[in-house]
Visitor: 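Mind having a look at this structure? Questions to follow.
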Amino acid sequence: MPELPEVESVRLGLASHVLGSRIEAVEIRRDSCVRRAASPEAFAADVSGRTIDAAVRRGKFLWLVLDGGELALSAHLGMSGQFRVHGAEPPPPHRHCRARLTLSVRGGFFSLDFIDQRTFGYLDAEPMVATPDAVAGGLGSPLPAVPASVAHIGRDALDPALRRATVLAQWRRGTRGIKQVLLDQTLVSGIGNIYADEALWRARVHPATPASGLSGRAAGALLDATREVMGQALAAGGTSFDALYVNVNGESGYFDRELNAYGRGGEPCPRCGRRLERAVMGGRSTHWCPRCQRAGAR
DNA sequence: AGTAGCACCTGATTGC
DNA sequence: TGCAATCAGGTGCTAC
């Protein structure tokens, strides 16, 4: 469920609570929440006793830089992952709590819970690896490296170091529809199903338009639209329809009130009044206005 | 090489 | 009321 604005809200919350703290204890409550590590015990051994130096994000991928920066505690929220911060005496773990970390800072202790109903999310201990374009890392990162599992992920739409001309050329290559291309995290990361539909609506591009048929100008306007909509969503604390997405303090964002297309199939287009359409494209539910977003327009 | 399809899960909602 | 089908914000692997 979480896309770039939601993951960035989580990153900001983590940064405000865990930077400079030390990982004292690790309780894995569901083994499969640790994917790459050889075992839950190996994960715990890798991260225990280490200090958290930074909280970094690229697209929807999030990681805590440990000690010297050669190791990361990486996390992906999948469809339903959350982090929740509790004080020295945390409540009993939530039913979907997959891991509980105990952290210490200046003699005080607190808990960090990883909660994930659908279990598509994960935690891992990973080496940091250099990437060809790792000039400045992702948002929040001063480091020239990313966790191994993020090496194939493109810079995200809000990253100042995004190579605009390069990604627009990559977008327009191949045979896929533009909706599928927007969701390709190896080109521009961070755009998920909600913000893909919203950006296409803003830029007046039909989701099934062959990406190769977009003009450079239209592709550029679409990239700008992804940045605008995700920037505004971030300012509103992200999008949330229910208790499945909350920040580290358990609070929901408000951007769902500002969605123009996503989830509004059958409702009037906020721009022209025409009934919005809904269909499945590339296995994902897709929403658009058949009048504002004409196939082949622009 | 690029792309489509499916697998991975749990839970809420909808329809019969 | 019960039960099955459908849907949900993501990613990675496999087979074309």
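Please read all numbers here as calculations on a predicted model, not as lab measurements. By convention in this document, chain letters (A, B, ...) are assigned in the order of the sequence lines, proteins followed by strands, and residues within each chain are numbered from 1.
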Visitor: Using the ring of each side chain (for Trp, its six-membered ring), is A:H76 parallel, tilted or perpendicular to A:F61, with breaks at 30° and 60°?
Guide: perpendicular
Visitor: Roughly how many Å is it from CG in A:D116 to P in B:dT10, rounded to a whole number?
Guide: 11 Å
Visitor: Looking only at side-chain atoms of A:S285, point me to the closest of B:dG11, C:dT11, C:dA8.
Guide: C:dA8
Visitor: Distance check needed: B:dG5 C1' versus A:L183 CG, whole Å only.
Guide: 15 Å
Visitor: How close or far is atom C1' of C:dG10 from atom NZ of A:K179, stated in whole angstroms?
Guide: 13 Å
Visitor: Could you tell me how far C:dT11 sits from B:dA12 if I compare only their P atoms? Round to whole Å.
Guide: 24 Å
Visitor: Where the side chain of A:H152 is concerned, which of C:dA8, B:dT10, C:dG12 is the nearest nucleotide?
Guide: C:dG12
Visitor: Of the non-hydrogen atoms in A:K60 and A:I191, which two are nearest, and what is the gap between them?
Guide: NZ-O, 3.3 Å
Visitor: When you get a sec, tell me which of B:dT10, C:dG10, C:dA8 is the closest nucleotide to the side chain of A:K60?
Guide: C:dG10
Visitor: From C:dG9, B:dC9, C:dT11, pick the nucleotide closest to the side chain of A:F120?
Guide: B:dC9
Visitor: Distance-only, no hydrogens or angles: does the A:S48 side chain make a donor-acceptor pair with backbone N or O of A:A45 under 3.5 Å?
Guide: no
Visitor: Nearest 0.5 Å, what's the SG-CD1 distance between A:C33 and A:I28?
Guide: 4.5 Å
Visitor: Specify the separation, in whole Å, of atom CD of A:Q185 and atom C1' of C:dG10.
Guide: 8 Å
Visitor: What is the distance, to the nearest angstrom, from the CG atom on A:D184 to the P atom on B:dA4?
Guide: 11 Å
Visitor: Just to be sure I understand the rule, does A:R35 reach a base, reach only the sugar-phosphate, or reach nothing, if contact means heavy atoms closer than 4.0 Å?
Guide: nothing
Visitor: Select base, sugar-phosphate, or nothing to describe what A:S32 touches, counting heavy atoms under 4.0 Å on all strands.
Guide: nothing
Visitor: Any Lys/Arg nitrogen of A:D224 or A:R164 sitting under 4.0 Å from an Asp/Glu carboxylate oxygen of the other?
Guide: yes
Visitor: Round to a whole Å and report the spacing from CD of A:Q170 to P of B:dA1.
Guide: 16 Å
Visitor: Under a 4.0 Å N-O cut-off, is there an ion pair linking A:R30 with A:D116?
Guide: no
Visitor: Compare the minimum distances between each of B:dT10, B:dG11, C:dG9 and the side chain of A:T239, then state the nucleotide with the smallest one.
Guide: C:dG9
Visitor: For the side chain of A:T119, starting at C-beta, report the closest nucleotide among B:dG11, C:dA8, B:dT10.
Guide: B:dT10
Visitor: Atom OH of A:Y195 to atom P of C:dG9: distance rounded to whole Å?
Guide: 12 Å
Visitor: Atom CG of A:L182 to atom P of C:dT11: distance rounded to whole Å?
Guide: 13 Å
Visitor: Students often get this wrong, so: under 4.0 angstrom with heavy atoms, is A:R98 touching a base, only sugar-phosphate, or nothing?
Guide: nothing
Visitor: Establish, with yes or no, whether the OP1 or OP2 oxygen of C:dG10 is under 4.0 angstrom from a side-chain nitrogen or oxygen of A:R284.
Guide: yes
Visitor: Which listed nucleotide (C:dT11, C:dG9, B:dT10) is nearest to the side chain of A:H76?
Guide: C:dT11
Visitor: Base, sugar-phosphate or nothing for A:R176? Non-hydrogen atoms, less than 4.0 Å.
Guide: sugar-phosphate
Visitor: Toward the 5' end of DNA chain C, which comes first, A:Q117 or A:S149, by nearest nucleotide?
Guide: A:Q117
Visitor: Respond yes when some side-chain nitrogen or oxygen of A:R30 is under 4.0 Å from OP1 or OP2 of B:dT10, and no when none is.
Guide: yes
Visitor: Do the side chains of A:L222 and A:I178 get nearer than 4.5 Å, heavy atoms only?
Guide: yes
Visitor: Any side-chain heavy atom of A:V56 within less than 4.5 Å of one from A:L62?
Guide: no
Visitor: If I pick the C1' atom on C:dG12 and the same atom on B:dG11, what distance separates them, to the nearest angstrom?
Guide: 23 Å
Visitor: Could you check whether A:Y262 gets within reach of a base, just the sugar-phosphate, or nothing at all, counting any heavy atom under 4.0 Å?
Guide: sugar-phosphate
Visitor: Ion pair present between A:R100 and A:D113, side-chain N to carboxylate O less than 4.0 angstrom?
Guide: yes
Visitor: With Watson-Crick and G-U wobble geometry limited to distances under 3.5 Å, how should the secondary structure of DNA chain B be encoded in dot-bracket form, using | for bases paired to another strand and [ ] for crossing pairs?
Guide: .|||||||.|||||||
Visitor: Taking only the P atom of each, what is the distance from B:dT14 to C:dG9 in whole angstrom?
Guide: 16 Å
